[in-house]
Novice: 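Submitted below is the structure of interest, expressed as structure tokens.
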2 protein chains.
Amino acid sequence: MKRNTWQREAVTTELNAINGFVSAQALFARMRDAGSTISLATVYRALTDLVGEKAADSLLSPEGENLYRACASDGHHHHLICRSCGATAEINAEPVESWAQQVAAAHGFTQAQHVVDVFGLCADCSLT
Amino acid sequence: MKRNTWQREAVTTELNAINGFVSAQALFARMRDAGSTISLATVYRALTDLVGEKAADSLLSPEGENLYRACASDGHHHHLICRSCGATAEINAEPVESWAQQVAAAHGFTQAQHVVDVFGLCADCSLT
DNA sequence: AGACTTATTGCGAACGGTTGTCAATAAGCC
DNA sequence: GGCTTATTGACAACCGTTCGCAATAAGTCT
Ligand SMILES: [Zn+2]
Ligand SMILES: [Zn+2]
Ligand SMILES: [Zn+2]
Ligand SMILES: [Zn+2]
């Protein structure tokens, strides 16, 4: 049976307090800096669980690092992420959804999944 | 000045002989199995160079591994990749290009780049 | 061709993110 | 309170990739 620990609670809370995507290590650092004694391995485990129960989204950064975010939308959606500050907007991409399905079907592919992310500089970070 | 070595030549040749995306390690294994004495680090370096001079495309697999391919199209394009055998089709995604630009602009983002890949099972691998 | 310069190689160590191991801890239940 | 066992924390192991450096060899000059 799944147990409720302050560690899981703390990870959930911290993730909710951040607006953009964060790495497991960054989240761990923030918690440690705030005085938490949680371990890195536990942060990884909690994040993996959250993604598993669809309470968090994850994506691979261009550098190959896994990033996490507590998302507002429940259903399938994509993200517009600021490369500088990590600020994230959830975006609905219906045209892309149908396009992806069509292009896969047209080539005889089945069980198609797609990776669609837009990275850029948000309005604030664009000012420099 | 850039020098021409049989190692770089060999990597280019081997990459051209493969139709889909391959990892650096897989390419290295193929070359070794074929009798080459090239080193893994050199394969990495050659692939990085090829990508730099736009003679090869690279993408991050869902597992976070870098994959490489000698692509036919010169311009910007995307890929439909078989998760099982790596077979790849180059796809033109004009609707996605404009969509990505629009959604970025609509949120005040600048210097937008996008990651768009479709993974699935090719016709052959779907039969199993 | 031979000598020289220096880009490139190969090897092994190092790195960064992530996962596994396992004894110690503590959550939920009686 | 005591029992069971999921969960934790510390550390080792892992995997893909990069780095450091001495040895090699490509291109250049004579
Ligand atoms: Zn989201
Ligand atoms: Zn989608
Ligand atoms: Zn296939
Ligand atoms: Zn594109």
Side-chain angles (χ1 to χ4, degrees), chain A residues 1-15 18 20-53 55-69 81 83 86 115 117, chain B residues 1-15 18 20-53 55-69 81 83 86 115 117:
Chain A
M1 137 237 338
K2 196 171 72 139
R3 295 176 183 177
N4 298 326
T5 65
W6 65 262
Q7 288 94 333
R8 279 206 223 285
E9 196 90 6
V11 169
T12 306
T13 303
E14 190 74 29
L15 194 61
I18 300 175
F21 276 88
V22 240
S23 68
Q25 313 240 23
L27 197 73
F28 170 68
R30 284 182 57 124
M31 299 178 74
R32 270 292 165 96
D33 289 352
S36 175
T37 62
I38 196 172
S39 80
L40 177 58
T42 299
V43 172
Y44 272 106
R45 289 188 277 240
L47 286 173
T48 303
D49 286 358
L50 285 175
V51 171
E53 57 202 42
D57 280 7
S58 72
L59 60 81
L60 263 181
S61 79
E63 292 76 37
E65 199 176 12
N66 267 113
L67 304 182
Y68 302 87
R69 176 164 198 265
I81 306 125
R83 275 194 301 270
V115 179
D117 296 301
Chain B
M1 139 234 339
K2 195 170 73 137
R3 295 178 183 177
N4 298 326
T5 66
W6 65 262
Q7 287 94 334
R8 280 207 223 286
E9 196 91 5
V11 169
T12 305
T13 303
E14 189 73 30
L15 193 61
I18 300 176
F21 275 89
V22 241
S23 69
Q25 312 239 22
L27 197 73
F28 170 67
R30 283 182 57 124
M31 298 178 75
R32 270 291 164 98
D33 289 352
S36 175
T37 61
I38 196 171
S39 80
L40 177 58
T42 299
V43 172
Y44 273 106
R45 289 187 276 237
L47 287 172
T48 303
D49 286 358
L50 285 175
V51 171
E53 57 202 42
D57 281 6
S58 73
L59 60 82
L60 263 183
S61 79
E63 292 76 36
E65 199 176 11
N66 267 114
L67 304 182
Y68 302 86
R69 176 163 197 267
I81 306 125
R83 274 194 302 269
V115 179
D117 296 300

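Residue numbers begin at 1 in each chain, while the letters A, B, ... track the order of the sequences.
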Novice: For the CG atom of A:L47 and the CG atom of A:L67, what is their distance to the nearest 0.5 Å?
Specialist: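 Interatomic distance, A:L47 CG to A:L67 CG, rounded to 0.5 Å: 10.5 Å.
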Novice: If you take atom types as modelled and just measure distance, does the side chain of B:R45 reach the base of C:dG10 with a donor-acceptor pair under 3.5 Å?
Specialist: yes
Novice: For A:A46 and for B:N4, find the nucleotide of DNA chain D with the closest heavy atom, then tell me which residue's nucleotide is more 5'.
Specialist: A:A46
Novice: Working to the nearest 0.5 angstrom, can you tell me the gap between B:K2 NZ and B:R8 CZ?
Specialist: 6.5 Å
Novice: When rounded to the nearest 0.5 angstrom, what distance separates CE in A:M31 from OG1 in A:T13?
Specialist: 8.0 Å
Novice: Measure CE/A:M1 against P/C:dA27 and give the value in whole Å, please.
Specialist: 13 Å
Novice: Quick check for you: to the nearest 0.5 Å, what is the distance between B:Y68 atom OH and B:F21 atom CZ?
Specialist: 11.0 Å
Novice: Treating primed atoms plus P, OP1 and OP2 as sugar-phosphate and everything else as base, which nucleotides of nucleotides 12-18 of chain D get B, S or - for protein heavy atoms under 4.0 Å?
Specialist: ----BBB
Novice: Take atom CD1 of A:I38 and atom C1' of C:dT25, then tell me their distance rounded to the nearest Å.
Specialist: 15 Å
Novice: Distance check needed: C:dT9 C1' versus B:E9 CD, whole Å only.
Specialist: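 The answer, rounded to whole Å, is 16 Å.
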Novice: Is there side-chain contact between B:I18 and B:L27, with heavy atoms separated by less than 4.5 Å?
Specialist: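 A side-chain contact exists here, since the closest heavy-atom pair is under 4.5 Å.
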Novice: To the nearest 0.5 Å, what is the distance between CZ on B:F28 and CG on B:D33?
Specialist: 9.5 Å
Novice: Can you tell me how far P of C:dC29 sits from NZ of A:K2, to the nearest Å?
Specialist: 14 Å
Novice: Given atom CZ of A:R32 and atom C1' of D:dT8, what is their separation to the nearest angstrom?
Specialist: 12 Å
Novice: Please report the distance, rounded to the nearest Å, between CG in A:D49 and C1' in D:dT8.
Specialist: 13 Å
Novice: Please report, rounded to the nearest Å, how far the C1' atom of C:dC11 is from the CZ atom of B:F28.
Specialist: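 Interatomic distance, CZ of B:F28 to C1' of C:dC11: 11 Å.
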Novice: Taking atom CZ of B:R45 and atom CD of B:Q7, what is their separation to the nearest 0.5 Å?
Specialist: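 Reported to 0.5 Å precision, the distance equals 10.0 Å.
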Novice: So, does A:T5 get its side chain near the phosphate of D:dT8, meaning an N or O under 4.0 Å from OP1 or OP2?
Specialist: yes
Novice: Below 4.0 angstrom from OP1 or OP2 of C:dG10, is there any side-chain N or O of B:T42?
Specialist: yes
Novice: Side chain of A:R3, heavy atoms from C-beta onward: which of D:dT8, D:dT5, C:dG10 has the nearest atom to it?
Specialist: D:dT5
Novice: A:Q7 side chain N/O closer than 4.0 Å to the phosphate oxygens (OP1, OP2) of D:dG9?
Specialist: yes
